[in-house]
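What follows is a short report on a single structure.
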Amino acid sequence: MSTPLTSLRAVRELRRIRSFYAAGALLWAPAAAWSGWTHPGSRQMWLCLLLLSVFTGLLATTSVWLYRLQGTWSHRPARHAAPRQAIAPHHASA
């Protein structure tokens with residue numbers, strides 16, 4: 001990523017898609033368990049396990065990318081403002 005703005009957009013999109021993959025994995029896990037319980041060894045069970053593994057793999061990949069992206073721009077300053085200088089007390093001459 002070349003600019004911080006692009007990195008922030010990528011992080012935002014990866015967070016969004018990571019939640020989608022997590023929801024997919026959470027939905028396919030009970031479906032795989034249920035089909036394995038009711039029809040062990042069936043085509044339906046294997047398809048549920050395949051989709052569960054696909055969503056889990058995508059979730060893991062997205063989490064790694066998000067971790068790496070957050071590590072690259074977290075050491076940069078949050079804003080580009082000039083540092084404030086201490087205000088010296090003014091002495092009024094009598």
Side-chain angles (χ1 to χ4, degrees):
M1 298 288 143
S2 59
T3 64
L5 182 61
T6 307
S7 294
L8 289 175
R9 287 180 183 166
V11 166
R12 191 178 313 133
E13 185 63 28
L14 281 174
R15 283 183 182 156
R16 189 176 302 135
I17 199 71
R18 182 180 63 173
S19 64
F20 176 76
Y21 291 152
L26 287 175
L27 289 174
W28 281 111
W34 179 258
S35 63
W37 180 264
T38 57
H39 305 291
S42 67
R43 183 179 296 171
Q44 181 182 2
M45 182 200 75
W46 289 112
L47 181 64
C48 288
L49 286 174
L50 173 70
L51 288 171
L52 175 63
S53 63
V54 165
F55 274 98
T56 305
L58 289 170
L59 177 64
T61 304
T62 306
S63 296
V64 168
W65 284 353
L66 187 60
Y67 177 75
R68 288 182 181 171
L69 267 179
Q70 285 178 342
T72 59
W73 61 269
S74 64
H75 299 294
R76 295 181 186 164
R79 59 183 187 183
H80 301 285
R84 294 184 179 200
Q85 296 183 5
I87 300 173
H90 298 289
H91 296 285
S93 52

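A quick note: this is a predicted structure, and the numbers were derived from the prediction, not measured.
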Taking all heavy atoms of Ser35 and all of Ala32, pick out the closest pair and write down the distance.
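Looking at all heavy atoms of both residues, the shortest contact is OG-O, 3.2 Å.
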Shortest non-hydrogen separation from Trp46 to Gly41 and the atoms involved:
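In terms of heavy atoms, the two residues are closest at NE1-O, 3.6 Å.
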Residues which pass salt bridge (charged side-chain N to carboxylate O under 4.0 Å, His left out) with Arg16, listed by chain and number, not counting sequence neighbours:
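Scan of Arg16 (salt bridge (charged side-chain N to carboxylate O under 4.0 Å, His left out), adjacent residues dropped) gives Glu13.
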Same cluster or not: are Leu27 and Ile17 linked, directly or through other Ile, Leu, Val, Met, Phe, Trp or Tyr residues, by side-chain heavy atoms under 4.5 angstrom apart?
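Shared cluster, no.
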Please tabulate, for the side chains in residues 49-65, all donor-acceptor contacts under 3.5 angstrom to protein atoms that are two or more places apart in sequence or on a different chain.
from: Ser53; atom 1: OG; to: Leu49; atom 2: O; distance (Å): 3.3
from: Ser53; atom 1: OG; to: Leu50; atom 2: O; distance (Å): 2.7
from: Thr56; atom 1: OG1; to: Leu52; atom 2: O; distance (Å): 2.7
from: Thr61; atom 1: OG1; to: Gly57; atom 2: O; distance (Å): 2.9
from: Thr62; atom 1: OG1; to: Leu58; atom 2: O; distance (Å): 2.7
from: Ser63; atom 1: OG; to: Leu59; atom 2: O; distance (Å): 2.9

List in chain and number order the residues that pass side chain to side chain contact (heavy atoms under 4.5 Å, CB included) with Ser42, two or more places apart in sequence or in another chain; answer none if no residue qualifies.
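Scan of Ser42 (side chain to side chain contact (heavy atoms under 4.5 Å, CB included), adjacent residues dropped) gives His39, Gln44, Met45.
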Arg68 CZ to Leu14 CG distance, which is reported to the nearest 0.5 Å:
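Spacing of CZ (Arg68) from CG (Leu14) equals 12.0 Å.
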